[in-house]
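Below you'll find the structure, written out as structure tokens, and then a few comments.
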Amino acid sequence: MATVATTYRTCPRSGLQFERQAEWLIKAHAFMGVVWLLIGGLLALGVVLTRWPAVRWLEAPTFYQVLTAHGLDMLIFWIIFFEIAVLHFCSSTLLRCRIATPKLAWLGFVLMVVGSIVNNVAVYQGGSSVMMTSYVPMMAAPSFYLGIILFAVGALIGCGVFFGTLVVARREKTYEGSIPLVTFGAMTAAIIAVFTLLSGALIIVPAWLMSMGLMNVDPLIYRTVWWALGHSSQQINVATHVSVWYLVAAVVLGAKPMSERVSRMAFLLYILFLQLASAHHLLADPGVSTAWKVVNTSYFMYLAVLASMLHGLTVPGAMEVAQRQKGYTKGLFEWLRKAPWGNPVFAGVFISIIGFGFLGGITGVMMGTEQLNLIIHNTIYVPGHFHATVVVGTTLTFMALTFYLIPVLFKREMIAPKLAQWQPYLFGLSMYFFCLVMMGAGTLGVSRRHWDMAFQGAALAYEWPGAAYLMMGLVGIGGVAAIVGGAAFIYITVGSLLWGKKLDGGATSAQFTPVKRAAPAVVAEGYGSSGFAAPGTFVLAMVFLVSFVLYYFINWKYLSTLWGLS
Amino acid sequence: MSAILPPAERLWYKHPIDRVEGTWLAIALTWCMILFFMMVGWHIWGKQNLSTETYRTTAEQYMAKAQAATEKYQVRTETDQEIPVVAPPPGADVYLVARMWSFWPIIELEKDKTYRLHLSSLDYNHGFSLQPANINIQLVPGFEHVVTVTPNQSGTYGLVCNEYCGLGHHMMVSRLYVK
Ligand code: HEM
Ligand SMILES: [Cu+2]
Ligand SMILES: [Cu+2]
């Protein structure tokens, strides 16, 4: 066995074993993520109070600047910092293995910090209010792109260290058999991340050169390759937060995956099929052929949709089986009624699962349909959809995981536990509402990234229907409520680190304890009814399916009333 | 806690599949197939399919063509800026120019008649968002996109730019008439 000088701490509360370097890396990445979430949240206040028609807080140039920074800080910096933390956790901690190359991992971290700051400074200096998509030929300052490039290189290093750690774990036999499902899911996320970051390099580097006048980039090629980055990065988020769902189901309820085969196949489908789905961002574009659109949005996207539909069943299904084994077997839903709703780790994840599926998933498929895209492209429906995926799905899940990690990783007692109990409901449910009314406004045609829906001063102003103004007002109210929920999260997390009671860290040793395999599965069959191990979940799944089918066909009906287009 | 532990049996791809999962897999797969066939089927039976007829162009080339067509079909001007209003005959090629931060010219069509609408941008990406019909198309510089349209309702439509195109983006709004 290799003799690398490090120590392993066994957490007395969870039994998890943290290697010293990994522990600090996870803390540092998670912390930086939360810093960006805080900044992005402050910016969200500017965005949402400006889009609220009755308030219209910021001036137009400030609004566009703030919106550019909000998108970048949230979607890229907050989420990817936290994801690298999750990767180190899923490799080093779950496999009880040392970090492969700690020095390199820290270099990656430093690059990410520097890159994110350089990029933000460029935005605040003005002249780079190009939105996170920075479609050419609109140009930002060179440092805008440089910051993204540095950040991406750092993240790529983080992924490399993750793979290295998996190799070390295998070589040093820190575990028996195959890697756990959660690590497997994280691995799919890391593989997609490598693809994503390389596509990113392929397009952001030319854009950077273009900003210095060194080359010219075709606007349509830019859009196509940019979305290979932009879309697949969402796939990293999904693979990561689904892994965390399995993790939380395991640590909070002791749930086992219903079938390793189905869950792992579903993760593999993400790798195989989602990365090419960038087409659904270009459905309203010129110059892309119908066949290409159809193949990319159906063959590739729907098999990834299939994967998400599977996870959407297997995660709650696993929870149901675990709850039934504890004796909550009455009727279809006793397992759900008696779930630990007062535990923010569980509540956050469950609210996330439901919102991600019903609000994010259904609408994503609708807007990703070639023809249906015509009725929502670039309307505020689009941010409505992705706040359901990336905020209710990813962000809320990461918040729940953070609550879990405060005692386990940061060794602090959580301050304000009552507030923490309420936080997922406040943040999650107000986000549900916020997404729904944004989609409502988008269905009425209201544009995204738009400072003034009243078009004051324009000779040919268009008058939106009153309902659109009402919806945008509700967006304002829901958004502010969600920001309060986000502030509660920051307060609890940062407050716990600063003032929370210090907890016993547990014994440290120079050696890891190898991870044992799971106990062989108990036959689940006996617990359900009519041969179904998780009948309640199946009913929920059918409710989901019916909503999906109805909503999907309602939109076809709406489309059929439009002008003839061919 | 086995999602975070190595699986009990090494060969995870041989694990049995539960009845619930198997059933759901079959249902979900069927649904995905339906999603696919709707998209293809709409190309055959549906009336709203975005054309993919596209030509590469430049700002100068496109503007020259748009100017010629506009002179030909101009019927009046509107607003202080005297934006031309064009009323092309059914079946004609109509040109719309998007640039920072206006659309040019104003187009007047007839209900239930078909036109070849040419769309392009002279500078950045812009958006063609026709309201309240809610038809949204991306305008990309360097590409001339020809969309065949058949208006099915008369009235005064708003034409909003819904792709962020710089600091005057929210001022970029025009009109389209259908008689
Ligand atoms: C906490 C409450 C939040 C509120 C109230 C909020 C509000 C908004 C609003 C109103 C917009 C649309 C503006 C427009 O298109 O005119 C927007 C855009 C966006 N938001 Fe949020 N947001 C929040 C949190 C988040 C989080 C957590 C993320 C990511 C994880 C996120 C990612 C984005 C992105 C990527 C955009 C698109 C920016 C663009 O169009 O370039 N937001 N946000
Ligand atoms: Cu514009
Ligand atoms: Cu615009």
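The CZ atom of F128(B) sits 13.5 Å away from atom CG of N378(A), with the distance rounded to the nearest 0.5 Å. Separation of atoms CD (E21(B)) and CE (M265(A)) is listed at 12.5 Å; rounding is to 0.5 Å. Taking CG of L167(B) as the reference point, atom CD of E59(A) lies at 12.0 Å (rounded to 0.5 Å). Between the CD atom of E163(B) and the CE atom of M131(A) there is a distance of 9.0 Å, given to the nearest 0.5 Å. M172(B) CE to L460(A) CG: the interatomic distance, rounded to the nearest 0.5 Å, is 12.5 Å. With rounding to the nearest 0.5 Å, the separation of CH2 in W24(B) from OG1 in T314(A) is 11.5 Å.
Under the 3.5 Å distance criterion, the side-chain polar atoms of N152(B) are matched with a main-chain donor or acceptor of L562(A).
Comparing G142(B), P132(B), A133(B), C161(B) by how many heavy-atom pairs each has under 4.5 Å with chain A, the most go to P132(B). Of the listed residues (V130(A), V182(A), V136(A), L372(A)), the one with the most heavy-atom contacts under 4.5 Å to chain B is V182(A). Put simply, of L220(A), D452(A), L95(A), the one with the most heavy-atom pairs under 4.5 Å next to chain B is L220(A). Contact tally against chain B (heavy-atom pairs below 4.5 Å) for Y175(A), W451(A), Y246(A): the top residue is W451(A). The choice from G564(A), P61(A), S447(A) that makes the most heavy-atom pairs within less than 4.5 Å of chain B is G564(A). Contact tally against chain B (heavy-atom pairs below 4.5 Å) for T537(A), T183(A), L545(A): the top residue is L545(A). The candidate from I380(A), L67(A), V262(A), V515(A) with the greatest count of non-hydrogen atom pairs under 4.5 Å with chain B is V262(A). Each of P151(B), C32(B), S51(B) has some count of heavy-atom pairs under 4.5 Å with chain A, and the biggest count is that of P151(B).
When all heavy atoms of M309(A) and A28(B) are compared, the closest pair comes out as CE-CB, 3.8 Å. A3(B) approaches P180(A) most closely through the heavy-atom pair O-CB, 3.5 Å. Closest of all the heavy-atom pairs between I137(B) and H377(A) is C-CD2, 4.4 Å. Across all non-hydrogen atoms, the minimal contact from I376(A) to N136(B) is N-ND2, 3.9 Å. Across all non-hydrogen atoms, the minimal contact from Y164(B) to S129(A) is OH-O, 2.8 Å. Between L374(A) and L50(B), the closest heavy-atom pair is CD2-CD1, 4.2 Å.
Neither the backbone nor the side chain of L253(A) comes within contact range of chain B, judged by heavy atoms closer than 4.5 Å. In this structure, chain A has a heavy atom under 4.5 Å from the backbone of D123(B), while its side chain stays farther away. For chain B, the nearby part of Q456(A) is the backbone; its heavy atoms alone come within less than 4.5 Å. Of the two parts of L139(B), neither the backbone nor the side chain holds a non-hydrogen atom closer than 4.5 Å to a non-hydrogen atom of chain A. At a 4.5 Å heavy-atom cutoff, L119(B) makes no contact with chain A through either its backbone or its side chain. At a 4.5 Å heavy-atom cutoff, the contact between T443(A) and chain B is made by backbone atoms alone. When heavy atoms are compared at a cutoff of 4.5 Å, Y222(A) does not approach chain B at all. The contact between I179(A) and chain B is made entirely by backbone atoms, counting heavy-atom distances below 4.5 Å. When heavy atoms are compared at a cutoff of 4.5 Å, M33(B) does not approach chain A at all. With a 4.5 Å cut-off on non-hydrogen atoms, T133(A) does not touch chain B at all. For W464(A), the part lying near chain B is the side chain, with the backbone staying farther off; criterion is any non-hydrogen pair under 4.5 Å. Using a 4.5 Å cut-off between heavy atoms, I27(B) contacts chain A through its side chain alone, with no backbone atom that close. In this structure, the portion of T79(B) lying under 4.5 Å from any heavy atom of chain A is its side chain and not its backbone. Within the 4.5 angstrom heavy-atom criterion, only side-chain atoms of F143(B), from C-beta onward, approach chain A. Interface remark: V149(B) contributes backbone and side-chain atoms alike to the contact with chain A (heavy atom separation under 4.5 Å). Proximity to chain B (any heavy atom under 4.5 Å) is restricted, for Y552(A), to the side chain, taken from C-beta onward.
No more than 12 heavy atoms of other residues, nucleotides or ligands sit less than 6.0 Å from atom CD of E463(A). Summarising the local packing, CE of M542(A) is surrounded by more than 12 heavy atoms from other residues, nucleotides or ligands at distances under 6.0 Å.
Within the 4.5 Å cutoff, side-chain heavy atoms of N134(B) are placed close to those of Y558(A). No side-chain heavy atom of W31(B) sits less than 4.5 Å from a side-chain heavy atom of V305(A). Proximity of P137(A) to P141(B): side-chain heavy atoms (C-beta onward) are separated by under 4.5 Å at one or more points. Using a 4.5 Å heavy-atom cutoff, the side chains of Q371(A) and Q48(B) are not in contact. Using a 4.5 Å cut-off on side-chain heavy atoms (C-beta onward), I4(B) and L94(A) make contact. Side-chain atoms of V549(A) and I34(B), non-hydrogen and from C-beta on, never get closer than 4.5 Å to each other. Contact check for R56(B) versus D218(A): side-chain heavy atoms found under the 4.5 Å cut-off. Counting heavy atoms from C-beta outward, L130(B) and W563(A) have side chains that approach closer than 4.5 Å.
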Pair L35(B)-T369(A), side-chain contact (heavy atoms from CB on, under 4.5 Å): steps then yes or no:
CA-CA 8 Å; L35(B) 295 175; T369(A) 302; 5.7 Å; no
Let's go through C165(B) and Y135(A) carefully: what are the C-alpha distance in whole Å and the side-chain angles of both, what is the deciding distance for side-chain contact (heavy atoms from CB on, under 4.5 Å) to 0.1 Å, and is it a yes or a no?
CA-CA 9 Å; C165(B) 54; Y135(A) 292 136; over 6 Å; no
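Ring pair Y64(A)/H170(B): centre-to-centre distance below 6.0 Å.
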